[in-house]
Amino acid sequence: MTVEMREGHEGTGPGAITPDGCAVELYERLPVGDEPDIIAAAVPAGAHILELGSGVGRMTHPLLERGFTVTAVDESADMLARVRGARTICGPIEELDLEGEEFDVVLLASFLVHNGDEEVRRGLLRTCARHVAKGGCVLIQREGEDYHTNVPRERADPSGFTVRIASVEPAGQGVNSVRAEYVFPDAAWTQTFLARPLTKEQFEAALAEAGLEVDTYLTPDRVWVRAVPKA
């Protein structure tokens with residue numbers, strides 16, 4: 001099956017590549033970090049989470065193990081085929097409308113809020129606002145403040161691979177083209193994608209446009225944010 005790539009996105013390496021350039025086999029290999037712990041500490045025990053952009057379930061599965069109920073959404077059927085134990089929904093996140101369904105927690109991780117297309121970003125945040133229950137919250141993962149400037153950079157993961165942000169090049173209209181490389185002993189993948197840097201003020205303005213506001217920044221670097229519907 002031929003997958004139509006999103007404009008400005010590309011991926012190389014073994015196996016299926018998703019429309020935004022992610023490699024399914026790569027994401028099956030990537031270890032989960034501290035994200036599930038950050039999420040679990042920020043929301044009620046046993047909450048029902050709408051996970052937007054779940055991929056292969058790298059965070060889904062640890063959240064299920066912690067007792068959460070998860071509905072996992074991704075535009076890649078190849079990614080969702082790897083998810084176990086969660087309800088799955090395949091389709092573009094920015095178009096999602098579950099017709100009145102609301103969730104204790106809506107999760108928008110993986111820097112999706114930095115989508116290079118402002119209309120897509122607006123759609124993502126509207127999806128969050130549409131599906132969060134009264135009294136619920138939206139958890140968003142932002143890029144670090146030096147994400148686009150501390151380049152090139154690389155990190156050797158203890159599990160035995162190297163991840164590298166190889167280049168960040170201006171692509172016009174405040175958007176950058178970012179190239180990431182993942183090198184394992186037996187395989188290598190690249191992903192090129194468009195990302196829009198957002199200052200704290202720009203990020204909060206984007207939330208406000210969607211009817212959301214910051215409740216608290218969950219981590220000292222302000223990468224993880226808990227937002228709530230505006231009063």
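Side-chain atoms are counted along with the backbone in the values below, which use heavy atoms only and exclude waters and symmetry mates. Along the sequence shown, residues are numbered consecutively beginning with 1.
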- Tell me whether V70 is reachable from V43 by hopping between hydrophobic residues (I, L, V, M, F, W, Y) whose side-chain heavy atoms are closer than 4.5 Å. yes
- Task: Would you please classify the geometry between the H48 ring and the F103 ring as parallel, tilted or perpendicular, with 30° and 60° separating the classes?
- Result: perpendicular
- What distance do E94 atom CD and R121 atom CZ have between them, rounded to the nearest 0.5 Å? 13.0 Å
- Message: Could you see if W224 belongs to whatever hydrophobic cluster contains V214? Use Ile, Leu, Val, Met, Phe, Trp, Tyr and a side-chain cutoff under 4.5 Å.
- Response: no
- Query: Should the pair D74-R82 be classified as a salt bridge under the 4.0 Å nitrogen-to-oxygen rule?
  - Reply: no
- Message: Membership question, hydrophobic clusters at under 4.5 Å side-chain separation (ILVMFWY): are V223 and V225 in the same one?
- Response: no
- Do L52 and V105 share a hydrophobic cluster, counting only Ile, Leu, Val, Met, Phe, Trp and Tyr and linking them when any side-chain heavy atoms are less than 4.5 Å apart? no
- Donor-acceptor contact below 3.5 Å, side chain Q191 vs main chain D20: yes
- Does L112 belong to the same Ile/Leu/Val/Met/Phe/Trp/Tyr cluster as F203, with side-chain heavy atoms less than 4.5 Å apart forming each link? yes
- Message: Within this structure, what is the CD-CD distance for the pair E145 and E143, rounded to the nearest 0.5 Å?
- Response: 11.0 Å
- Message: Using side-chain contact (heavy atoms from CB on, under 4.5 Å), reason through N150 and I165 one step at a time and then give a plain yes or no.
- Response: CA-CA 9 Å; N150 178 21; I165 300 297; over 6 Å; no
- Task: Provide the closest heavy-atom pair for R196 versus N115 in the form atom of the first, atom of the second, distance.
- Result: CB-O, 3.9 Å
- Please step through salt bridge (charged side-chain N to carboxylate O under 4.0 Å, His left out) for the pair D37 and R66, ending with a clear verdict. CA-CA 9 Å; D37 293 329; R66 286 162 171 78; 2.7 Å; yes
- Task: Kindly say whether S110 contributes a backbone atom to a donor-acceptor pair with the side chain of Q141 at under 3.5 angstrom?
- Result: yes
- Item | Expected output: side-chain E35 to main-chain G33 donor-acceptor under 3.5 Å | yes
- Task: Locate the shortest heavy-atom distance separating A86 from T60; write the atom from each residue and the value.
- Result: CB-CG2, 3.9 Å
- Query: Of R164, R153, R155, which meets salt bridge (charged side-chain N to carboxylate O under 4.0 Å, His left out) against E181?
  - Reply: R164
- Task: Would you please test L124 and V113 for side-chain contact (heavy atoms from CB on, under 4.5 Å) and show each step?
- Result: CA-CA 7 Å; L124 296 173; V113 75; 6.0 Å; no
- Is it the case that D78 and S76 place a side-chain donor and acceptor less than 3.5 Å from each other? no
- Any ion pair linking E204 and K200 (charged N to carboxylate O, less than 4.0 Å)? yes
- Which residues share a ring pair (Phe, Tyr, Trp, His ring centres under 6.0 Å) with F193, sequence neighbours left out: none
- Within 45° of the ring axis of F161 and under 6.0 Å from its six-membered ring centre, is that where the NZ or CZ of R29 lies? no
- Message: Under a 3.5 Å distance rule, please check whether H9 uses its side chain to pair with a backbone N or O of M5 as donor and acceptor.
- Response: no
- N/O donor-acceptor pair under 3.5 Å between R130 side chain and L96 backbone: yes
- Message: Show, in sequence, the C-alpha distance, side-chain angles and deciding distance for L125 and L108, and conclude whether the side-chain contact (heavy atoms from CB on, under 4.5 Å) test is met.
- Response: CA-CA 9 Å; L125 290 174; L108 187 70; 4.2 Å; yes
- Message: Please determine whether side-chain contact (heavy atoms from CB on, under 4.5 Å) holds for the pair T18 and E75, giving the CA-CA distance in whole Å, both sets of side-chain angles, and the decisive distance to 0.1 Å.
- Response: CA-CA 8 Å; T18 68; E75 68 178 352; 5.7 Å; no
- Item | R226 side chain to L218 backbone, donor-acceptor under 3.5 Å | no
